[in-house]
Amino acid sequence: MAELFSLSQAVARFVEDGDVVAMEGFTHLIPFAAGHEVIRQRRRDLTLVRMTPDILYDQLIGMGAARKLVFSWGGNPGVGSLHRMREAVERGWPVPLELDEHSHAAMANAYEAGAAGLPCAFFRGYRGTDLPRVNPNIKFVACPFTGEELAAIPSIRPDVAIIHAQKADREGNVLIEGIVGVQKEAVLAARRSIVTVEEIVDDLELKSPNAVVLPSWTVSAVVAAPGGARPSYAHGYYARDNAFYFAWDKISRDRNTFLEWMHANVTEARS
Amino acid sequence: MAELFSLSQAVARFVEDGDVVAMEGFTHLIPFAAGHEVIRQRRRDLTLVRMTPDILYDQLIGMGAARKLVFSWGGNPGVGSLHRMREAVERGWPVPLELDEHSHAAMANAYEAGAAGLPCAFFRGYRGTDLPRVNPNIKFVACPFTGEELAAIPSIRPDVAIIHAQKADREGNVLIEGIVGVQKEAVLAARRSIVTVEEIVDDLELKSPNAVVLPSWTVSAVVAAPGGARPSYAHGYYARDNAFYFAWDKISRDRNTFLEWMHANVTEARS
Amino acid sequence: MNYTTAEMMTVAAARALSNDDICFVGIGLPSAACNLARLTHAPEITLIYESGTIRTRPAVLPLSIGDGELCDTALATVSVPEMFRYWLQGGRITIGFLSGAQVDRFGNLNSTVIGDYHRPTVRLPGSGGATEIATSCGEIFIIMRQSKRSFVAELDFLTSLGHGRNGTERQASGVKTKGPTLLISDLCSMSSDPDTKEFVVHSLHPGVSREQVRENTGWEIRFAENVEETPPPNRMELEALRDLNARTAAAHGVTAAD
Amino acid sequence: MNYTTAEMMTVAAARALSNDDICFVGIGLPSAACNLARLTHAPEITLIYESGTIRTRPAVLPLSIGDGELCDTALATVSVPEMFRYWLQGGRITIGFLSGAQVDRFGNLNSTVIGDYHRPTVRLPGSGGATEIATSCGEIFIIMRQSKRSFVAELDFLTSLGHGRNGTERQASGVKTKGPTLLISDLCSMSSDPDTKEFVVHSLHPGVSREQVRENTGWEIRFAENVEETPPPNRMELEALRDLNARTAAAHGVTAAD
């Protein structure tokens, strides 16, 4: 059963040094508030998993929280590179970053397989490309009926999944709406999970019997964190702060500018 | 792009003798009207696929339309046996019925794999049971990372899928709501598809961005067939006629009573 | 209050469930027991039906696994592939509640055929969800009417794995979940012996003799060292069950099968 | 009307699309071309973004693949695993529209690294959806700015399979879809030779010489027997594109990258 926590309590209790952590969100509902709390609590040696690492992961990597990144597309969408991620990969600053790199199809299938309790995911992919040459986690298996070679990769089973959603009720049942990405799968695939929400309500007032819902007992901690996805957006609540995504390019180019910004806006800011 | 058809036109055009046909519906939204039209047009040698064959398939089998049944649970839910199916299996009347029998997990995964364009489905199943001994379509494959043995069965790729849904718009986009079963997967897995609907509307008026929708180009024919799921039910339109399910037990026990009922209520009835 | 053996069976099964359980519920006897638990001592129990309905709270018992009532009263309804992949196989269910046409001493179940598979004497409905419910849920409770025809020494067909035909196959084949731990009939309650995995009678329903149990069991049934008497249904339990059955009969327009 | 080479490129790409197409759309140049087609001659085209948005009709170009505008104007939005399983891998897309940092003569693309994979000179974003878009869509259109740095003889890394490093690997490895058939740059349009699978220039954009194309291509580029001149953007096309870009810039609170 999900319990209600403050953000600092939830991170203190459910995120440990060395954990495999998936903070998911596909442009939409990126859990910035929770990720910043992970930075404030100075977690180290994390393996960060995410299909589309963007600014939040750039911040975590630049602050030295991660030793490994599992991903399929890393960039500041529509703007350019992630300078902190590139510096960690290209120059090992502030700590070297190991990469476990996939395609979107592979990671989406690996989350799905994780949620489905399977040890690996099978899909039609990677044919004729170079990633299988550099990533030993990509194998091929023959269909026992047709002989067709299918790609296989280990399922994603994070120690902890962290997502942001629109709302939860007081029992801890969570509604996710709009571009739902792989957030439901990330939570179901993980051993522990933290869900920050825009608001906690008496009744989810679901408009469809087929709404995307995480029932209370699949979530470890529910945290009220209004605005917790900013500068990303929350469908029905607020829009994406595109100007900030452009601004990040300048902030993050230089180590010192980056550290100053993080100091002023994250580590010394109240959660 | 889905075209609008009358029921008789749709069946005439998209259902052929010898086809593999999946008429799906999980208690809810069973496509009785379309199935009855298949009987009226005297299709033969069909391979009928359905997780939960119930009265509609009992009628098709009793009328001699099928030579094979792919299924995972065959019965009149809450009432008892399917007498026509049993007589076809046990005594070959009116024609012998071959069985390709699975578990629900297997068929649900096989539909999912069919929709996903895969040649087979992988899942954790069938361990220690007798079905793999009598069904050569069940094999086991080792996970290339952990060595765990997973079950594999061929994906379901019907020649034609037939389902009933709540509504379609004039472009042929379809909304399914409530207990959605494997209907979306059946349509996406099939080469051709017929969707009967309670009503055709100007605007689907979706209440959720994540509603279960079949876009127009995934459907071959859309047919207005109000009440087309009776005696099954349509969420938001009408309730299940449970009394008829009980009545069917008596109607179907005896060959002649069955044939008379079919004559009076299906073959001589207007579509 | 007087009560029937069927009522005793359902009440005994309901008592085995708690607020913390996440139950995968089959139609018929399991559904009655699970909802009775919800309507009495376990109002927060989570019930899941394979039609995709999660945390459902039906006011009447469903006739079929996909009745509208299940969807109308559910927290959420998912597709059937999702139900079997994320929810059942995903290991999110604590208790699977099964029944069948035949059970053996190791809790293996048959719901496929009586007689030879290819030339059956009786063609039963088949597995439905049972095959993977039996291996994916944390543990399995079985509820069945007891007779020599249904409690058999040797299954005609093994649809759902209990502890295997010799009691050791489940563990040997690498299945990690507990399997059948409890079997409740209209005569008694049995639990699985931790060593042999054989079902052992630990409680006789009021008025039932050991002899009666033996006569209705197809194998040499064992009894626990201390066999208790099942407490009879109390007034609250019986009233809740009868109200549920009455509402169900009225809703379905017929007399319920039980 | 005057126009830029970037505008010519986007207009030429848009023209290649029709009402019947089901397009899997990448961010940036592909997104501009696909939406321009929708706003001009192909109003019924179906656009799908990997964020799960199906048949979307954005009024402004998304900055990221999961912008709210895509969901708000879509027929439906599905989860990302469903998008990649049922929609892309399921074979329901007629055209995948890709770009990359490097392309070779056989339409193979690199969006992973410049230099050695383990010690890259430039770490690019990576595959995203591209790897499986390249093999699962009916055919692939590529849109890229042309230069010797981007149109290379040998890719540093093969992220997305075109016709393979020798033009035959695609078919040899059993991939059934067509692969790259069209490449549109700011200088010209190329199509895949049916035999050799090599990209051949079939149309030069107005004012562009063969020499210019050669100077901006890292391999010995071939020209079709009859090379046409691409019709310049007409007024309707340019106005639609400029309106779209203006709306986009206003919505994002910044000047668009192009």
Side-chain angles (χ1 to χ4, degrees), chain A residues 26 28-29 100 105 108-110 112-125 132 135-157 165-166 175-181 183-184 204-213 234-236, chain B residues 26 28-29 100 105 108-110 112-125 132 135-157 165-166 175-181 183-184 204-213 234-236:
Chain A
F26 213 86
H28 182 212
L29 292 175
D100 178 3
N109 275 287
E112 203 271 351
L118 290 173
C120 66
F122 300 93
F123 61 105
R124 183 179 293 111
N135 188 338
N137 277 332
I138 300 169
K139 299 195 176 185
F140 293 87
V141 171
C143 163
F145 302 99
T146 63
E148 183 184 353
E149 291 280 321
L150 299 172
I153 70 165
S155 60
I156 296 173
R157 308 296 304 260
Q166 273 90 352
L175 169 70
I176 317 173
E177 203 170 49
I179 290 177
V180 295
Q183 284 101 300
K184 178 171 165 177
L204 290 177
E205 290 178 352
L206 302 176
K207 295 189 189 73
S208 157
N210 309 114
V212 181
V213 170
H235 178 100
Chain B
F26 212 86
H28 183 213
L29 293 174
D100 178 2
N109 275 286
E112 202 272 352
L118 290 173
C120 65
F122 299 94
F123 61 104
R124 183 179 293 112
N135 189 336
N137 276 333
I138 301 168
K139 299 195 176 186
F140 293 88
V141 170
C143 163
F145 302 99
T146 63
E148 182 184 352
E149 291 280 320
L150 298 172
I153 70 165
S155 60
I156 297 173
R157 307 296 304 260
Q166 273 91 350
L175 169 70
I176 317 174
E177 202 169 49
I179 290 176
V180 294
Q183 283 101 301
K184 177 169 166 178
L204 290 178
E205 291 179 350
L206 302 176
K207 296 187 189 73
S208 157
N210 309 114
V212 181
V213 169
H235 179 100

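In what follows, every chain begins at residue 1, and chains take the letters A, B, ... in the order their sequences are listed.
- Under the salt bridge (charged side-chain N to carboxylate O under 4.0 Å, His left out) criterion, B:E148 pairs with B:R124, B:R127, sequence neighbours left out.
- For the set B:A152, B:A142, B:A113, B:P154, the entry with the most heavy-atom pairs within less than 4.5 Å of chain A is B:P154.
- With a 4.5 Å cut-off on non-hydrogen atoms, B:F140 does not touch chain A at all.
- Separation of atoms CG (B:L150) and SG (B:C143) is listed at 6.5 Å; rounding is to 0.5 Å.
- Chosen from B:I176, B:I153, B:V212, B:I179, the residue pairing most often with chain A at heavy-atom distances under 4.5 Å is B:I153.
- With a 4.5 Å cut-off on non-hydrogen atoms, B:L206 does not touch chain A at all.
- Between the side chain of B:N137 and the main chain of B:D100, no donor-acceptor pair closer than 3.5 Å is present.
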Contacts table for residues 114-122 of chain B: side-chain donor-acceptor under 3.5 angstrom, sequence neighbours left out:
none

